[in-house]
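Below: the structure, in structure tokens.
Quick caveat: nothing in here was measured; it's all calculated off a predicted structure. For this chain, numbers begin at 1 and follow the sequence in order. No hydrogens, no waters, no symmetry mates; every other heavy atom, side chains included, goes into these values.
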Amino acid sequence: MVFADPGEALTRARALLDADPSPLDASVAHQVIGIWQRDFGDLRLALSHLRRAREFAARADSADREADVLATLGVALVHAGRTRDGLAAFERGVARGGGHTRARVLYRRAYVWWVLGHHREALEDVRRAIPVLRQAEDVIWTARALTLRATVHLALGAVERAEADFTAAEALWDTTGQEHDKADAVESRGLAAFRSGDVPAALRLLDEAEERYARLGTPTFMLNIRRCEVLMAAGLAPEALAEADAAIGKLDGIGGQSTRKAELLLTAARAARLAGDPHTAIARAALAVRLFAGQRRTWWETHARLVLIEARHAAGRGSGRLVAEAAAVAEKLAGFGAPAAPEASLLAGRIALGLGWTADAERHLAVAARSRRGGPPLARMTGWAAQALRARAAGSTRGVLEACRRGLDVLDDHRMTLGASELRARATEQGAELAALAGRASLVSGGPRRLLVWSERWRATVLSTPPTRPPADPELLSGMTAFREIASRADAARMEGRPVPALEREQRRLERQIRSRTLHMRGEAPGGGDRFDVGRLLERLGDEVRLVELAVLDGRVQVLLCGQGRVRRFEAGLLADAETEAEHVQAGLRRLAHPGAEARLPVVEAAGRRLEELLLGPAAAHLGGGPVVIVPPGRLHRVPWALLPSLRERVLSVSPSAGSWLRARETAPPPDGRHVLVRGPGLATGGAEVPELAGRYACATVLEEDEARVPRVLEELDGAALAHIAAHGTFRADSPLFSSLRMADGPIVVHDFERLARSPYRIILSCCDTALLASVGADELLGLVTALLPLGTAGVVACSAPVNDAAVVPLMLALHKGLGAGLSLAEALRDARAALPGDALHQATGWAFSAFGAA
């Protein structure tokens with residue numbers, strides 16, 4: 001009962017002790033309390049109760065009872081970090097017990113061997129236990145033993161064997177009422193799904209297990225560790241670090257297991273390293289190493305040492321000693337049969353290369369490269385990264401590019417199993433090193449065309465295919481409705497000056513619930529989308545249009561100027577300097593959105609000139625006189641490109657990638673030509689352009705006041721030829737897919753747009769901050785604009801800065817005048833800027849808007 005209904009078991013055990021039980025019954029009661037405290041409470045209290053349980057077993061003169069208690073005591077001692085005492089208790093337990101009881105003792109010792117990282121010993125004990133448990137028809141303990149064996153198989157990388165044991169165990173659990181063990185089985189299946197490369201299934205199963213544990217009121221420290229592993233593989237390392245640190249704090253608060261704390265510290269160290277925080281990683285990993293060493297857990301200690309070396313290397317430390325330490329760790333991990341062994345060999349080779357030790361590097365990298373032939377996707381990518389570094393050291397550009405291509409193909413296949421656009425975007429971080437290696441190799445020997453191909457190979461890849469449509473999930477839909485209601489109430493409360501902490505807490509809870517369910521979606525599209533063709537791009541550009549793709553290599557901007565049938569390369573400034581200047585420009589535009597800031601105009605214009613030098617360099621003199629398409633890296637998405645002197649009077653559009661621009665250019669408009677005008681609440685001008693536009697577009701659908709509700713707006717937007725939305729926009733840097741436009745019944749968010757069968761062919765967002773995007777992964781962007789482009793939208797006009805509502809109205813009216821004359825969005829926006837009054841307020845408003853895509 002202590003695993004089926006822990007609270008009830010604890011209550012009954014205490015009641016039994018209050019009733020002056022026999023020594024045999026008292027032994028059972030103290031053991032139950034000891035198990036409860038060991039797994040869910042204070043480990044010191046657990047040891048006290050288990051020692052008393054053993055004393056009562058001895059008084060009852062029951063060898064089997066004493067053996068059973070010794071096994072439970074052995075587990076508790078090992079979890080307390082007293083490994084030698086715990087193993088000694090098991091020796092006595094195996095000697096005292098017989099038959100069925102000895103099999104249960106062997107199962108628990110196998111569990112301890114797994115905790116300690118002694119996998120072969122664990123398999124041997126469980127091999128001896130399972131036939132005896134089956135013969136005794138002990139369903140519960142047989143299922144536990146099968147689950148344990150499966151978990152050990154996973155640690156050794158034997159996924160198929162693990163899945164077979166998990167399946168057999170689950171069939172047995174279905175015949176019992178052991179709710180805790182059933183939850184554990186679901187958790188274990190989540191781990192198996194992760195090991196086989198199915199991240200969405202892993203997240204879904206781990207969330208289901210957490211719900212089951214919550215109903216039982218039991219802590220979930222092991223589940224925290226496993227979910228953190230999955231989050232890290234999905235590119236969500238900061239979230240994994242936060243979860244691991246919170247679990248450590250909770251464990252410390254209850255005086256919990258020392259072994260589990262060490263495992264959580266190791267998880268936190270890995271997450272911190274992946275999140276780009278090497279100093280936190282060093283602190284967490286060093287403490288984990290000390291704890292594992294004291295617990296005599298060599299397998300775990302070796303894994304912690306690997307993370308410690310990785311963090312030290314990331315912090316800029318490179319030395320012969322570090323190479324030797326990494327090599328020793330790799331050898332130990334290989335001896336354990338641990339899947340992480342290639343990572344350690346790759347690390348040793350990478351550090352050796354940095355020191356110029358080519359012979360040592362080749363030896364270690366050759367070992368790591370073997371993993372490219374099989375195993376989970378991320379293990380194969382480790383192998384291809386090692387192979388690429390070997391080729392670079394050998395001076396083989398062809399070898400570098402081939403290894404990078406093969407490695408990125410593996411990641412593409414993995415990425416497309418993910419349904420959520422956020423996971424796809426963040427997963428690209430795993431290939432950043434391969435992309436950088438290929439870019440450098442192309443720069444050295446391949447010419448501008450090859451550099452363009454590789455820049456495109458790893459730019460805005462998430463936009464190459466539409467995201468998986470969210471399922472018709474009643475819980476997800478009701479969660480979205482509740483989220484809108486709460487967000488709407490919170491906005492109303494803020495406007496009235498009322499406190500909103502409770503509403504904000506509920507809004508965050510609903511956001512977590514919605515996000516969790518969308519992350520469960522599995523991808524549908526095979527492969528990595530269309531392959532980029534330079535010839536096709538140049539043919540579409542013709543002689544007049546220029547496409548400027550900005551690639552960044554080793555911190556410097558490389559300008560790839562495409563047009564007139566060729567690709568030319570120019571070198572510009574440092575990316576870091578350009579980012580700083582872009583922040584200054586954004587600050588200036590924010591000031592100019594308010595009357596009376598005219599004195600800031602020359603400062604902003606000067607910053608625009610500096611930005612041009614940093615971002616275009618000598619290429620600015622070769623742009624010709626026709627339209628220009630800018631393809632910036634993710635970190636420069638906030639640049640107001642129309643402010644740059646050489647672009648100010650041009651037909652100018654922006655695209656996340658050249659491939660994305662091509663797809664937009666080749667997207668056909670819908671045949672019915674429907675126009676939709678939407679006016680949200682709370683605008684300073686009341687969305688003054690919408691009534692006038694309604695007069696121009698006689699057949700337009702106009703949604704305003706109570707009609708501008710999210711379900712109706714989405715219904716009308718689906719498949720429209722042109723949509724104009726005047727509404728307050730909010731960009732969420734912390735959670736970009738909850739960036740929103742305010743409607744009458746609450747916010748319409750990116751998750752809503754992803755439900756459209758086809759987003760509007762052209763969409764104009766006359767709202768602040770709608771062009772703001774979050775840069776994630778290797779070079780991916782998340783936000784409103786990038787949600788629309790893969791769904792059928794060929795052109796978007798949006799704003800990258802706060803603007804003056806009154807100044808937006810004449811800009812929008814002039815923009816639609818150009819569209820009515822048959823111009824593209826970029827042409828109409830250029831003419832609309834020119835038609836505005838010449839004061840600073842209107843100029844800043846014009847610069848803040850950009851045309852995206854090619855419609």
Side-chain angles (χ1 to χ4, degrees), residues 207 210-211 214 420-422 467 469-521 676-684 686-687 690 701-718 723 725-757 759 763 765 767-770 772 774 782-784 787-788 791:
D207 283 352
E210 184 177 39
E211 290 171 8
S421 52
E422 179 182 2
R469 296 295 191 278
D473 177 350
E475 191 169 333
L476 177 60
L477 294 174
S478 65
M480 292 291 293
T481 302
F483 160 75
R484 260 189 288 281
E485 169 67 20
I486 292 295
S488 181
R489 286 168 55 192
D491 279 343
R494 289 188 196 97
M495 292 173 69
E496 294 170 9
R498 293 187 283 114
V500 293
L503 291 171
E504 288 179 341
R505 282 195 299 273
E506 178 62 8
Q507 181 176 331
R508 287 193 294 270
R509 186 191 70 78
L510 289 165
E511 286 178 7
R512 287 194 298 270
Q513 176 184 316
I514 292 163
R515 184 166 175 263
S516 174
R517 296 195 76 83
T518 58
L519 295 184
H520 297 171
M521 293 188 301
V676 181
L677 306 174
V678 180
R679 179 160 56 159
L683 293 168
V690 172
T701 299
V702 181
L703 302 176
E704 52 191 350
E705 297 180 350
D706 199 50
E707 286 192 321
R709 302 176 73 82
V710 173
R712 178 75 193 283
V713 170
L714 289 172
E715 180 185 350
E716 295 297 337
L717 290 181
D718 210 326
I725 302 179
H728 274 302
T730 301
F731 174 67
R732 288 279 300 277
D734 64 319
S735 190
L737 297 188
F738 281 97
S739 298
S740 62
L741 304 172
R742 192 197 299 171
M743 298 291 110
D745 58 339
I748 185 170
V749 298
V750 173
H751 289 297
D752 291 309
F753 285 111
E754 289 186 341
R755 302 188 69 85
L756 296 174
S759 56
I763 186 165
L765 302 171
C767 336
C768 296
D769 293 343
T770 47
L772 292 185
L782 293 176
L784 282 170
L788 295 164
L791 295 172

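Under a 3.5 Å cut-off, the side chain of Asp745 and the backbone N or O of Glu485 do not form any donor-acceptor pair. With hydrogens and angles disregarded, a donor-acceptor distance shorter than 3.5 Å links the side chain of Ser759 to the backbone of Leu788. Not one N or O on the side chain of His728 forms a donor-acceptor pair closer than 3.5 Å with the backbone of Pro681.
In this structure, the separation between CG on Leu503 and OG on Ser488 is 10.5 Å, given to the nearest 0.5 Å. Note: Ser739 OG to His751 NE2 = 9.5 Å, rounded to the nearest 0.5 Å. In this structure, CD1 in Ile486 is found 8.5 Å from CZ in Arg509, a value given to the nearest 0.5 Å. In this structure, the separation between CD on Glu506 and CZ on Arg489 is 8.5 Å, given to the nearest 0.5 Å.
Across Val690 and Ala726, no two heavy atoms sit closer than the pair CG2-CB, 4.0 Å. For the pair Phe753 and Leu791, the tightest heavy-atom approach, listed with the atom from each and the gap, is O-CD1, 3.3 Å. Closest approach of Val702 and Glu707 over heavy atoms only: O-OE1, 3.6 Å. The two residues Ala744 and Arg709 make their nearest non-hydrogen contact at CB-CG, 4.3 Å. Minimum interatomic distance between Phe483 and Val749 (heavy atoms only, all atoms of both residues): CE2-CG1, 3.8 Å.
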List the steps, then state whether side chain to side chain contact (heavy atoms under 4.5 Å, CB included) holds for Met743 with Ile725. CA-CA 10 Å; Met743 298 291 110; Ile725 302 179; 4.1 Å; yes

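Using a 4.5 Å heavy-atom cutoff, the side chains of Leu703 and Leu677 are not in contact. Considering only heavy atoms from C-beta on, Phe738 stays 4.5 Å or farther from Pro747 through its side chain.
The residue from Val678, Leu717, Thr701 that alone fulfils the side chain to side chain contact (heavy atoms under 4.5 Å, CB included) condition with Arg712 is Thr701.
Arg484 has a carboxylate O that lies under 4.0 Å from a charged side-chain N of Asp752, or vice versa, which qualifies the two as a salt bridge.
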